[in-house]
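In what follows, a single structure is set out as structure tokens and then discussed.
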Amino acid sequence: MTLEQHKSRLYPLLQTAMELELSTIPPYLTALLSIKREANRVAAGLIRSVMMEEMLHMVLVGNLMSSLGGKICLNQDTLPSYPLRLEFEGHGFKDREFDINLEAFSPQAIQTFLQIELPTSLARQPQRLMAQPKISVPGITLGEFYQRIIGALDALCAAYPESAVFNGDPGRQISEQYYWGGGGKPIIITSLAQAKAALEVIIKQGEGGDDSIFDGDEHYFDQAEEVAHYFRFNEVALGRRYRPGDKPHEPPTGEAFAVDYQAVYPIKRNPRHGDYAAGSRLATLNQQFNRQYSLMLSQLEQAFNGHPAVLYDAIVNGMHGMTPIAQEMMTLPLDDTAGASHGAPSFEWIAPPYQQA
């Protein structure tokens with residue numbers, strides 16, 4: 001088997017990694033924007049901080065794919081659709097699976113977020129659910145999945161020179177010049193050590209280090225110490241912050257904060273465009289949102305595949321432009337019925353050209 005044939009077996013894992021990271025952003029954003037202004041300030045800040053780091057993870061995965069000479073695909077065939085099943089394959093553990101929904105900030109949503117970010121050391125067997133579509137993950141957790149990618153890179157570099165493995169043009173990767181979204185910094189990858197560093201950032205920001213609740217950002221990015229994603233969501237679930245000395249298997253012992261699940265817009269769960277009456281304000285807004293979302297994904301695909309400057313348009317015109325549309329949708333009820341659910345973006349694909357209705 002040639003080097004390129006070996007690489008071709010790694011590319012699908014990195015494409016899955018990109019789809020996994022992308023799949024977390026719509027549910028995190030939906031829960032965040034469903035919170036009414038001035039409510040749940042601490043919880044909202046924690047959710048937002050995780051979402052920003054998921055965007056960094058997409059950049060790191062994209063840079064790794066580019067460093068190997070592969071390409072990322074973000075289009076209607078790879079777009080996550082909700083409810084989305086995540087199936088994790090156990091290695092020394094029982095398999096686990098659960099559904100991700102687009103839903104309002106709630107105890108159920110936070111429990112799902114905890115399952116997404118679950119550390120390998122805390123993996124348990126949850127209830128099996130039924131839903132489509134799905135992403136199958138070769139590992140019991142995201143951390144174990146990324147460790148598998150590290151193992152594959154180790155094997156490649158044991159068989160071939162690193163210069164041949166990481167032969168992509170580094171100028172085609174996303175650097176700090178093009179990414180300022182927070183959550184850390186991009187890593188330009190030209191070696192096995194840099195590839196491992198990028199993947200370790202993803203692992204530790206998600207589930208913490210060995211026997212630690214903290215994400216190691218102070219080591220990688222010279223940033224203030226923060227707890228990893230799982231533990232930030234556990235802070236929300238328990239209404240209490242962690243403090244230094246707290247352990248992964250123990251509840252947080254820091255300052256308590258208020259969590260109000262009533263100060264939330266009652267949005268429809270897993271909305272589809274067909275849920276909104278033709279010609280209604282909600283239908284118009286949802287179409288605008290989906291057009292902007294689809295354009296953003298197309299621009300991200302360009303940015304990850306050798307045109308890093310396009311990332312600016314994806315962030316400024318995409319993510320920033322989508323937020324006010326979603327916020328307006330969440331204030332509008334689906335109909336005049338008392339207690340009617342409110343609207344929310346459906347995150348569906350619209351084919352180009354995006355400027356047309």
Side-chain angles (χ1 to χ4, degrees), residues 24 27-57 86 88 93-94 96 98 100 103-127 139-144 146-147 182-184 200-264:
T24 66
Y28 293 169
L29 181 63
T30 298
L32 174 63
L33 296 181
S34 74
I35 298 172
K36 294 181 178 179
R37 253 175 217 188
E38 305 307 321
N40 294 302
R41 298 294 291 272
V42 175
L46 290 168
I47 296 171
R48 184 183 184 278
S49 70
V50 172
M51 187 179 70
M52 296 301 295
E53 290 181 353
E54 300 296 356
M55 295 173 66
L56 173 66
H57 297 178
L86 285 191
F88 289 84
F93 299 88
K94 292 182 178 179
R96 66 187 189 99
F98 57 91
I100 303 177
E103 59 186 328
F105 176 66
S106 66
Q108 295 79 13
I110 295 301
Q111 287 303 312
T112 298
F113 299 167
L114 284 166
Q115 284 293 325
I116 294 171
E117 307 288 356
L118 184 69
T120 303
S121 61
L122 301 181
R124 295 291 185 270
Q125 168 79 349
Q127 180 182 3
I140 193 65
T141 64
L142 294 180
E144 186 173 276
Y146 280 112
Q147 289 291 352
E200 288 290 345
V201 166
I202 297 174
I203 294 169
K204 290 185 177 180
Q205 283 189 338
E207 61 179 57
D210 295 336
D211 198 34
S212 172
I213 61 174
F214 293 99
D215 63 9
D217 278 3
E218 74 281 2
H219 170 70
Y220 290 108
F221 305 124
D222 193 27
Q223 294 182 172
E225 190 174 55
E226 291 184 291
V227 299
H229 295 181
Y230 175 86
F231 302 101
R232 286 181 225 174
F233 287 135
N234 205 37
E235 289 180 326
V236 177
L238 299 178
R240 188 174 294 277
R241 302 302 297 263
Y242 283 95
R243 63 181 180 180
D246 286 349
K247 299 297 183 182
H249 291 80
E250 300 172 359
T253 64
E255 182 180 356
F257 60 91
V259 178
D260 183 0
Y261 291 112
Q262 302 305 310
V264 174

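Only heavy atoms go into these numbers, but all of them, side chains included; no hydrogens, no water, no symmetry mates.
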So which atom in [X] and which in [Y] form the shortest heavy-atom distance, rounded to 0.1 Å?
X      : Y      : value
Pro248 : Ser212 : CG-N, 3.8 Å
Ile203 : Gly143 : CD1-O, 4.0 Å
Val50  : Glu117 : CG1-OE2, 4.1 Å
Ile110 : Ala237 : CG2-CB, 3.8 Å
Phe88  : Leu142 : CE2-N, 3.7 Å

Do [X] and [Y] touch side chain to side chain, with heavy atoms closer than 4.5 Å?
X      : Y      : result
Leu29  : Met51  : yes
Leu238 : Pro252 : yes
Leu122 : Tyr230 : yes

To the closest 0.5 Å, what do you measure between [atom1] ([X]) and [atom2] ([Y])?
X      : Y      : atom1 : atom2 : result
Glu235 : Leu46  : CD    : CG    : 5.5 Å
Ile116 : Thr24  : CD1   : OG1   : 6.5 Å
Leu114 : Asn234 : CG    : CG    : 5.5 Å
Glu103 : Thr30  : CD    : OG1   : 9.5 Å

Can you list the residues that meet the ring-ring contact (aromatic ring centres under 6.0 Å, His included) rule with [X], with sequence neighbours excluded?
X      : value
Tyr261 : Phe105
Tyr146 : none
Phe233 : Tyr28, Phe113

Residues forming a side chain to side chain contact (heavy atoms under 4.5 Å, CB included) with [X], sequence neighbours excluded:
X      : answer
Ala263 : Ala39, Asn40, Asp260
Ala44  : Leu32, Ile35
Glu255 : none

Partner residues of [X] under the side chain to side chain donor-acceptor pair (under 3.5 Å) criterion, sequence neighbours left out:
X      : result
Arg240 : none
Gln108 : Ser106
Glu38  : Arg41
Gln147 : none

- Apply salt bridge (Lys or Arg N to Asp or Glu O under 4.0 Å) to Arg243 and list each qualifying residue two or more places apart in sequence or on a separate chain.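 Salt bridge (Lys or Arg N to Asp or Glu O under 4.0 Å) check on Arg243 returns nothing, list empty.
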- Query: Under the salt bridge (Lys or Arg N to Asp or Glu O under 4.0 Å) test, which residues partner Glu54, sequence neighbours left out?
  - Reply: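 Per chain and number, Glu54 pairs via salt bridge (Lys or Arg N to Asp or Glu O under 4.0 Å) with no residue.
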- Task: Decide side chain to side chain contact (heavy atoms under 4.5 Å, CB included) for Leu86 and Gln115; before the verdict, give the C-alpha distance in whole Å, the side-chain angles of both, and the deciding distance to 0.1 Å.
- Result: CA-CA 10 Å; Leu86 285 191; Gln115 284 293 325; over 6 Å; no
- Which is it for Glu250 and Ile213 under the side chain to side chain contact (heavy atoms under 4.5 Å, CB included) test, yes or no, and what are the steps along the way? CA-CA 10 Å; Glu250 300 172 359; Ile213 61 174; over 6 Å; no
- Short side-chain to backbone donor-acceptor contact, Arg232 and Ile47, under 3.5 Å: no
- Note on the structure: Between His229 and the options Gln205, Lys204, Glu53, the side chain to side chain donor-acceptor pair (under 3.5 Å) test singles out Glu53
